[in-house]
Amino acid sequence: MGDITTLAVDAIVNAANEALLGGRGVDGAIHLAAGSGLLDECRGLGGCDTGEAKPTGGHDLLAQWVVHTVGPMWSGGGHGEAGLLASCYRRSLEVAVGLGARSVAFPAISTGAYGYPKAAAARIAVDTVRAFGHDHPSGIDEVVLVAFADDDLDRYQALLAETDASGPARWSSPGSCAIIATPVERLSAATAPRRPTGTTQGGNRWRSPSPSTERSVPLMSRPGRCSCTTYATSWR
Ligand code: APR
């Protein structure tokens, strides 16, 4: 299974709830891996509206930041769910790029407890990420859609193989840019770089963003480490 908490990217996205005070699923996993400092920081955010996104530090995570977003609960599709889910991906990327993040990883927002049909959600994720990359070609180097299960990966791969208005997803050489992650094995702390840490004026720990090209543990498939093909695309 892909575990977003183990990825050495600049920012990971959390599928949270409007209270931003933790939960189960990926929310619970991120809070568990980040440590109690994350909840302390979240308490100061005053919650988050559905479709919106708010950042915190990564605390004990490998990622420098966590972008908390709140996906829509599935109510049959007639209550603006698709627009709200697209907004989660778009706003999370806007917030992450605003922080200086060059690599961002997403879970499959709303497809767990919130019951969003996985195929429809995957289509929204891929379309929104690709649109953002085309609109902001120099804004970000790497977007990872973490496949928590094999069926998630199959879905993302099929969608990425399709072409969109700008033609097929442009492939870059492995290691330079990834738009989909395989069910990555857990990157142990020993193999993933611990970036220099510091503190912000708010006392929250931060790490200097590491451009994806410097990552010593590339997200792309490494022999024996990733079980499936990793897709790469380049916005430029
Ligand atoms: N890494 C990557 N993906 C994960 C992980 C993980 N460690 N754990 C779970 N997932 C996947 C799930 O398989 C699912 O596809 O994340 C997706 C989102 O599922 P949820 O975590 O249930 O999130 P969501 O459906 O958006 O519901 C949010 O659940 O945990 C609570 O506080 C949260 O109230 C909020 C609600």
Side-chain angles (χ1 to χ4, degrees), residues 1-9 11-35 38-39 41-43 45 47-54 56 58-63 66-77 79-89 91-92 103-126 128-129 143-157 159 178-189 192 219 226-228 230:
M1 284 195 291
D3 181 350
I4 200 169
T5 66
T6 67
L7 296 185
V9 291
I12 62 172
V13 176
N14 180 21
N17 57 57
E18 291 193 346
L20 291 190
L21 297 179
R24 305 176 67 178
V26 71
D27 196 3
I30 288 173
H31 275 272
L32 181 65
L38 179 60
L39 182 57
E41 189 175 356
C42 284
R43 286 197 176 102
L45 294 179
C48 182
D49 292 336
T50 298
E52 261 304 325
K54 290 188 177 180
T56 62
H59 297 271
D60 294 339
L61 289 162
L62 291 173
V66 179
V67 178
H68 306 265
T69 191
V70 181
M73 291 185 194
W74 180 252
S75 309
H79 303 272
E81 294 99 319
L84 285 168
L85 185 58
S87 176
C88 287
Y89 285 92
R91 284 293 299 131
S92 295
S103 52
V104 181
F106 284 93
I109 301 166
S110 282
T111 63
Y114 282 1
Y116 209 108
K118 289 199 166 197
R123 160 68 72 189
I124 289 169
V126 171
T128 308
V129 168
V143 177
V144 179
L145 301 177
V146 180
F148 198 61
D150 285 346
D151 65 308
D152 295 335
L153 183 65
D154 295 342
R155 216 170 279 117
Y156 283 141
Q157 286 181 335
L159 289 168
I179 187 172
I180 189 168
T182 68
V184 292
E185 296 171 15
R186 190 174 184 82
L187 294 181
S188 70
L219 274 176
C226 292
S227 56
C228 308
T230 301

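Indexing begins at 1, ligand by ligand and atom by atom, following the structure's order. When reading the values below, keep in mind they use all heavy atoms of this one structure, side chains included, and skip hydrogens, waters and symmetry mates. These numbers were taken from a predicted model, which means no experiment stands behind them.
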Undergrad: Ignoring angles and geometry beyond distance, decide whether V26 reaches within less than 3.5 Å of ligand 1 through its nitrogen or oxygen atoms.
TA: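 Between V26 and ligand 1 (N or O atoms, distance only) the closest approach is under 3.5 Å.
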Undergrad: Please identify which atoms of ligand 1 are closer than 4.0 Å to at least one heavy atom of D27.
TA: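 That gives atoms 30 (O), 32 (O), 33 (C) of ligand 1.
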Undergrad: Hey, could you give me the CD/CZ distance between E52 and R91, rounded to the nearest 0.5 Å?
TA: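 Answer for the CD-CZ pair, E52 versus R91, is 4.5 Å.
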Undergrad: Look at atom 1 (N) of ligand 1 and say which protein heavy atom is nearest, naming residue and atom and giving the distance to 0.1 Å.
TA: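 That would be I4 N, 2.9 Å.
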Undergrad: So, does A16 sit close enough to ligand 1 that a heavy atom of it is under 4.0 Å from the ligand?
TA: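 Within the 4.0 Å threshold, so yes.
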Undergrad: Counting only heavy atoms, which portion of A29 has something under 4.0 Å from ligand 1: side chain, backbone, both, or neither?
TA: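 Side chain only.
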Undergrad: Which distance, rounded to the nearest 0.5 Å, do you find between the CG of L21 and the NE2 of H31?
TA: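 So the gap between those two atoms works out to 7.5 Å.
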Undergrad: How far is atom 23 (O) of ligand 1 from its nearest protein heavy atom, and which residue and atom is that?
TA: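 Ranking protein heavy atoms by distance from atom 23 (O) of ligand 1, first comes A15 CB, 3.8 Å.
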Undergrad: Give the intermediate values and the outcome of side chain to side chain contact (heavy atoms under 4.5 Å, CB included) for residues Y114 and N17.
TA: CA-CA 10 Å; Y114 282 1; N17 57 57; 3.4 Å; yes
Undergrad: Is ligand 1 less than 4.0 angstrom away from at least one heavy atom of T5?
TA: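 It does not; every heavy atom stays at 4.0 Å or beyond.
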Undergrad: When you measure from the side chain of S92 to the backbone of C88, do you find a donor-acceptor pair of N or O atoms at a distance under 3.5 Å?
TA: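 Yes, because the side chain of S92 sits within donor-acceptor range (under 3.5 Å) of the backbone of C88.
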Undergrad: Identify the closest protein heavy atom to atom 35 (C) of ligand 1: which residue and atom is it, and at what distance?
TA: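 For this ligand atom, the closest protein heavy atom is Y114 OH, 3.6 Å.
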Undergrad: Between K118 and T111, is there a donor-acceptor pair closer than 3.5 Å when you use the side chain of the first and the backbone of the second?
TA: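 No, because the side chain of K118 does not come within donor-acceptor range (under 3.5 Å) of the backbone of T111.
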Undergrad: Tell me: protein heavy atom nearest atom 15 (O) of ligand 1, and distance?
TA: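 Result for atom 15 (O) of ligand 1: T111 OG1, 2.8 Å.
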Undergrad: Under 4.0 Å, counting heavy atoms only: does S110 come that close to any atom of ligand 1?
TA: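 Right, S110 reaches ligand 1.
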Undergrad: With heavy-atom distances below 4.0 Å as the criterion, list the atoms of ligand 1 near G112.
TA: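 Heavy-atom distances to G112 below 4.0 Å select 18 (C), 19 (O), 22 (O), 25 (O).
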Undergrad: Could you tell me whether D152 and ligand 1 have an N or O pair separated by under 3.5 Å?
TA: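 N/O-N/O distance below 3.5 Å does not exist for this pair.
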Undergrad: Quick check: does any side chain N or O of S110 sit under 3.5 Å from a backbone N or O of P72, one acting as donor and the other as acceptor?
TA: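 Yes.
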Undergrad: Atom 7 (N) of ligand 1: which protein heavy atom is closest, and how many Å away?
TA: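 So the nearest neighbour among protein heavy atoms is D3 OD1, 3.1 Å.
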Undergrad: For the backbone of I109 and the side chain of Y89, can you confirm whether one donor and one acceptor N or O come within less than 3.5 Å of each other?
TA: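 Between the backbone of I109 and the side chain of Y89 there is a qualifying donor-acceptor contact (under 3.5 Å).
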Undergrad: Provide, to 0.1 Å, the distance between atom 17 (C) of ligand 1 and the closest protein heavy atom, together with that atom's residue and name.
TA: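 Atom 17 (C) of ligand 1 sits closest to the protein heavy atom A108 O, 3.2 Å.
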Undergrad: CG/N14 to CG/D27 distance, rounded to the nearest 0.5 angstrom?
TA: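 Here the rounded value is 4.0 Å.
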Undergrad: Hey, looking at atom 22 (O) of ligand 1, which of A113, G115, A122 has the closest heavy atom?
TA: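 It is A113 that holds the nearest heavy atom.
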Undergrad: Can you check which of F106, F148, W74, Y116 brings a heavy atom nearest to atom 11 (C) of ligand 1?
TA: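 Nearest option to atom 11 (C) of ligand 1, by heavy atoms: F148.
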Undergrad: Among all protein heavy atoms in this structure, tell me which lies nearest to atom 30 (O) of ligand 1, with the distance rounded to 0.1 Å.
TA: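 Among all protein heavy atoms, the one nearest atom 30 (O) of ligand 1 is R24 O, 2.6 Å.
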Undergrad: Measure the CD-CD1 distance between E81 and I124 for me, rounded to the nearest 0.5 Å.
TA: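 Reported to 0.5 Å precision, the distance equals 9.0 Å.
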Undergrad: Can you confirm whether F148 sits close enough to P107 that some side-chain heavy atom of one is under 4.5 Å from a side-chain heavy atom of the other?
TA: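 Answer no - side chains too far apart.
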Undergrad: Could you state the interatomic distance from CG (L39) to CG (L32), rounded to the nearest 0.5 Å?
TA: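 Spacing of CG (L39) from CG (L32) equals 12.0 Å.
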